[in-house]
There are 2 protein chains.
Amino acid sequence: MSPAGRPRTFDMEAALQAAMLLFWEQGYEATSLAQLREATGLSSASLYGAFGSKEGLFEKAVEHYIAGPGSVTDVVADETVSPREAVARLLHGSISMQTDTSHPRGCLVALSGTVRAPGAGEAGVRKVVAARRAADRAHIRACVVRGVTSGELAEDTDVNGVTSMIHGFLLGISTQVCDGTSAGHLHAAADAVLANWDARGR
Amino acid sequence: MSPAGRPRTFDMEAALQAAMLLFWEQGYEATSLAQLREATGLSSASLYGAFGSKEGLFEKAVEHYIAGPGSVTDVVADETVSPREAVARLLHGSISMQTDTSHPRGCLVALSGTVRAPGAGEAGVRKVVAARRAADRAHIRACVVRGVTSGELAEDTDVNGVTSMIHGFLLGISTQVCDGTSAGHLHAAADAVLANWDARGR
DNA sequence: TCAATATCGGATCGTTCAATCCATAATTAA
DNA sequence: TTAATTATGGATTGAACGATCCGATATTGA
């Protein structure tokens with residue numbers, strides 16, 4: 001049943017897509033409501049009626065990102081493939097997505113909310129992206145654990161160490177892409193990380 | 001010979017230190033001039049007289065950072081030590097510095113200027129930190145090349161790939177530290193990267 | 001048919017932003 | 001001394017900020 005009141009006329013998906021691209025390109029702080037209004041074609045009233053605040057819009061835009069381009073990292077949570085294969089797809093897939101020229105460079109989740117600002121709104125911005133980063137890390141760690149139990153990795157493998165190595169490289173991809181490092185070099189780097197995985201087999 | 005005119009009464013080093021800590025903690029965009037005025041104890045006139053603009057102050061603060069805490073990465077440019085040793089000191093030194101609780105977490109250079117903003121000032125902010133990142137990368141690459149020529153690394157080593165792996169991990173340290181990853185896990189991760197280096201020997 | 005509800009465009013809110021101006025003070029060069 | 005130059009504190013600028021208000025409009029449930 002439709003809710004009472006005048007129905008919304010704008011396309012929510014299109015608005016979130018436009019907002020996502022803007023936040024992705026410029027970051028949360030540097031993106032103004034005036035820009036968001038122009039990009040989405042919405043008035044302040046519509047924007048605030050639908051999302052409550054700039055921070056609320058950012059959260060929804062991040063969710064849209066995670067469901068869209070950011071979904072490339074979902075493969076690492078797939079336990080039906082071997083842990084090495086999952087990590088390989090995670091790294092190579094992330095590189096391909098982040099260097100795709102049809103949208104802004106890098107990863108919105110990796111680049112946002114990495115500094116602490118005093119405003120209350122900042123904490124919320126930080127929380128939503130940090131949560132996704134923590135989830136990715138947890139999935140990587142689960143892969144490493146699976147690798148050890150399956151025998152792909154040595155028994156004495158430092159799980160947290162290998163996890164931090166892979167996750168660190170993953171996070172560093174974004175900055176490198178922003179600085180212009182080529183996809184080819186990054187794919188080779190991912191192979192180097194995976195070679196490390198192989199070298200740790202018993 | 002002293003320059004003509006009324007001499008400056010404030011401590012330039014102290015002012016840059018205060019500004020550096022603020023930019024480090026909050027990032028360029030989220031740091032306001034009012035905060036910078038309070039932290040440095042200077043008036044707008046003194047600030048603008050000495051640095052010209054917020055962007056100019058940021059550039060000087062970054063130089064102060066590079067000469068101070070950021071100097072830990074200088075070791076990778078030291079050609080008197082073996083390339084593996086240089087990379088080892090780079091990674092472990094960076095982790096120790098970034099997790100030191102006597103100052104903000106992470107690396108100011110790695111966390112700043114990773115997004116493109118439309119304003120003209122943004123380009124300048126981006127330039128100064130991106131230049132340092134490029135320099136670090138070049139030094140890492142030189143180490144990898146030295147490793148190949150010295151025989152530490154195999155002749156068929158993908159130089160750009162290994163460089164991107166090491167640099168990517170280095171850049172990713174900052175985000176991990178901001179998210180609370182422990183120094184211990186990161187040191188173990190650095191060892192994993194270095195183990196990769198060793199495994200690539202011929 | 002009508003009250004209640006929710007969205008719309010657009011004007012507008014008070015605040016904060018980076019930056020500038022001004023009168024005064026302190027120094028050097030002539 | 002005097003003129004030129006630079007730094008100082010403090011008031012102030014116009015613009016941009018995020019957010020809200022308002023009258024008009026469109027829909028639902030009674």
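Letters A, B, ... mirror the listed sequences (proteins, then strands); counts begin at 1.
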N/O donor-acceptor pairs under 3.5 Å from side chains in residues 75-83 of chain A, not counting sequence neighbours:
| residue | atom | partner | partner atom | Å |
| --- | --- | --- | --- | --- |
| A:Asp78 | OD1 | A:Thr80 | N | 2.9 |
| A:Asp78 | OD1 | A:Thr80 | OG1 | 2.6 |
| A:Asp78 | OD2 | A:Thr80 | OG1 | 3.2 |
| A:Ser82 | OG | A:Glu85 | N | 3.1 |

Are a donor atom and an acceptor atom from the side chains of B:Arg137 and B:Thr163 found within less than 3.5 Å of each other?
no
Counting only side-chain N and O atoms of A:Thr9, is one of them less than 4.0 Å from OP1 or OP2 of C:dC8?
yes
Gap between atoms CG and C1', on A:Leu47 and C:dT12 respectively (whole Å):
17 Å
Listed by chain and number, what are the ring pair (Phe, Tyr, Trp, His ring centres under 6.0 Å) partners of B:His92, not counting sequence neighbours?
B:His187
Whole angstroms only, please: what is the CZ-P distance between A:Phe51 and D:dG18?
16 Å
Students should find that the end-to-end axis angle of the helix from C:dT1-D:dA30 to C:dA30-D:dT1, with five pairs defining each axis and rounding to 10 degrees, is 10°
Would you list the protein and nucleotides 19-23 of chain C atom pairs, both N or O, that sit under 3.5 Å from each other?
| residue | atom | partner | partner atom | Å |
| --- | --- | --- | --- | --- |
| C:dA19 | OP2 | B:Tyr48 | OH | 2.4 |
| C:dA19 | OP2 | B:Lys54 | N | 3.0 |
| C:dA19 | O5' | B:Tyr48 | OH | 3.1 |

Distance test, side-chain N/O of A:Ser43 to OP1/OP2 of C:dG10, below 4.0 Å
no
Which atom pairs, one a donor and one an acceptor, fall under 3.5 Å between side chains of residues 3-11 of chain B and the rest of the protein, sequence neighbours left out?
| residue | atom | partner | partner atom | Å |
| --- | --- | --- | --- | --- |
| B:Asp11 | OD1 | B:Glu13 | N | 3.0 |
| B:Asp11 | OD1 | B:Ala14 | N | 3.2 |

Can you measure A:Gln26 atom CD to D:dA16 atom C1' for me and round it to whole angstrom units?
15 Å
Roughly, in whole Å, what's the span from CG in B:Leu57 to P in C:dA18?
11 Å
Contacts of A:Ala39 meeting side chain to side chain contact (heavy atoms under 4.5 Å, CB included) (sequence neighbours excluded), chain-then-number -> A:Ala18, A:Leu22
Nearest-Å distance for atom pair CD/C1', residues A:Glu38 and C:dG10:
16 Å
Partners meeting salt bridge (charged side-chain N to carboxylate O under 4.0 Å, His left out) with A:Arg84 (sequence neighbours left out):
A:Asp198
Could you note down all residue pairs passing ring pair (Phe, Tyr, Trp, His ring centres under 6.0 Å) where residues 125-149 of chain A supplies at least one of them, sequence neighbours left out?
none
Given atom CD of B:Glu29 and atom P of C:dC17, what is their separation to the nearest angstrom?
14 Å
Residues at least two apart in sequence or cross-chain that pass side chain to side chain contact (heavy atoms under 4.5 Å, CB included) with A:Arg105, listed by chain then number, are A:Val177, B:Arg116
Could you please name the option among D:dG18, D:dT8, C:dA18 that lies closest to any side-chain atom of A:Ser32?
D:dG18
Using whole Å, what does the distance between atom C1' of nucleotide D:dG18 and atom CZ of A:Phe23 come to?
12 Å
All N/O pairs under 3.5 Å across the protein-nucleotides 1-5 of chain C interface:
| residue | atom | partner | partner atom | Å |
| --- | --- | --- | --- | --- |
| C:dT5 | O2 | A:Gly5 | N | 3.4 |

Within a reach of under 6.0 Å around NZ of B:Lys60, are more than 12 heavy atoms found that belong to other residues, nucleotides or ligands?
no
Sorted by chain and number, sequence neighbours left out, ring pair (Phe, Tyr, Trp, His ring centres under 6.0 Å) with B:Tyr65 holds for B:Trp24
Residue list, salt bridge (charged side-chain N to carboxylate O under 4.0 Å, His left out) with A:Asp179, at least two apart or on another chain:
B:Arg126, B:Arg133
